[in-house]
Number of protein chains: 2
Amino acid sequence: MRDDDAVFNALADGSRRELLDRLYARDGQTLRELTAGLQMSRQAVSRHLGVLEGAGLVVTRRSGREKFHFLNPVPIQLIHDRWIDKYTERPVTALVDLKTELEQRHDLIDPP
Amino acid sequence: MRDDDAVFNALADGSRRELLDRLYARDGQTLRELTAGLQMSRQAVSRHLGVLEGAGLVVTRRSGREKFHFLNPVPIQLIHDRWIDKYTERPVTALVDLKTELEQRHDLIDPP
DNA sequence: AGAATAGGCAACAAAAATGTTGCCTGTCAA
DNA sequence: TTGACAGGCAACATTTTTGTTGCCTATTCT
């Protein structure tokens, strides 16, 4: 497996993505704050945060008995850069543009 | 679950990401072409491509008995937009910048 | 028509992920 | 120092995922 496996694996779970959403809305929350409203045990949330931290999507900072969590958007930026060419400017603005391009390519392969 | 679940689930598998890499390198490949070199049965690759197509990451076009696969980068762009603010320009250029910001925030909470 | 090619579907076993409960350590306040 | 609070670790059962094998239909070529 490649190194980015942890990132994609962490993003695969809906609860973890919701945790990222919460941190995106307000950074620096503790485990208890993030658990509130998630209808899951504190231990489960703790492990989810551990997965996110292991993937580098969340950075933590401990202060006394509290642990603050921060969103790190860098791995997400890398996902974007992997399949979207920033130089040749692929048609990513709308699906309609892509479909148009597909029709053209298909005409090259199998002309009408 | 949300609607984007299929996309993240599709990206969670390393073999599927490799298929996207291959399509990114050369679009419009058939199932046989994509299977070559992947050390997996054709049926397994077929199901992986089905997952990618179901998530909208791959668009297909059938011509006779052959099926061509094309990469659709739109869902990946949406992932990027979800957690990276394009207006306020968060510090996503380097992890160093983020760490610096985290130090500053921590000083606000727990001054030295 | 007959053979070869491209792809699809379903059932099965093996492997991995998820959430729970129970118990533990460290920190803060009265 | 005693009790309350924040968080961590491990074992367990349940569910999901993954790849294989076997068999099927549709299309192309001789």
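Just so we're on the same page: letters track the sequence lines, and every chain starts at 1.
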So which nucleotide from C/dT18, C/dA17, D/dG19 ends up closest to the side chain of B/Ser15?
D/dG19
Among D/dG19, D/dG7, D/dT18, the one nearest any side-chain atom of A/Arg32 is D/dG7
Tell me what B/Ser41 touches on the nucleic acid: a base, only sugar-phosphate, or nothing, going by heavy atoms under 4.0 Å.
base
Quick check: do [X] and [Y] have side-chain heavy atoms less than 4.5 Å from each other?
X: A/Ile79; Y: A/Val7; value: yes
X: A/Leu23; Y: A/Leu34; value: yes
X: B/Asp13; Y: B/Val51; value: no
X: B/Thr60; Y: B/Phe68; value: no

Pick from B/Lys67, B/Arg61, B/Arg47: which one makes a salt bridge (charged side-chain N to carboxylate O under 4.0 Å, His left out) with B/Glu53?
B/Lys67
Taking B/Glu33 as the fixed residue, which of B/Arg22, B/Arg42, B/Arg26 is the one that meets the salt bridge (charged side-chain N to carboxylate O under 4.0 Å, His left out) rule?
B/Arg26
Counting only distance, no hydrogens or angles, is the base of D/dG19 paired donor-acceptor with the side chain of B/Arg47 under 3.5 Å?
yes
Rounded distance (Å) that lies between atom [atom2] of [N] and atom [atom1] of [X]:
X: A/Leu49; N: D/dG8; atom1: CG; atom2: P; answer: 8 Å
X: A/Glu33; N: D/dA6; atom1: CD; atom2: C1'; answer: 12 Å
X: B/Met40; N: D/dT17; atom1: CE; atom2: C1'; answer: 13 Å
X: B/Asp5; N: D/dT16; atom1: CG; atom2: P; answer: 12 Å
X: A/Leu34; N: D/dA6; atom1: CG; atom2: C1'; answer: 13 Å
X: A/His48; N: D/dG8; atom1: NE2; atom2: P; answer: 14 Å
X: B/Glu53; N: C/dC9; atom1: CD; atom2: C1'; answer: 15 Å
X: A/Asp13; N: C/dG19; atom1: CG; atom2: C1'; answer: 11 Å

For B/Leu57, run the side-chain contact (heavy atoms from CB on, under 4.5 Å) check against B/Ile76, B/Leu19, B/Asn72 and tell me which one passes.
B/Ile76
Any side-chain N or O of B/Ser46 under 4.0 Å from OP1/OP2 of C/dG7?
no
At under 4.0 Å between heavy atoms, how does the protein contact nucleotides 23-30 of chain D? Give one character per nucleotide, 5' to 3', with B, S or -.
B---BS--
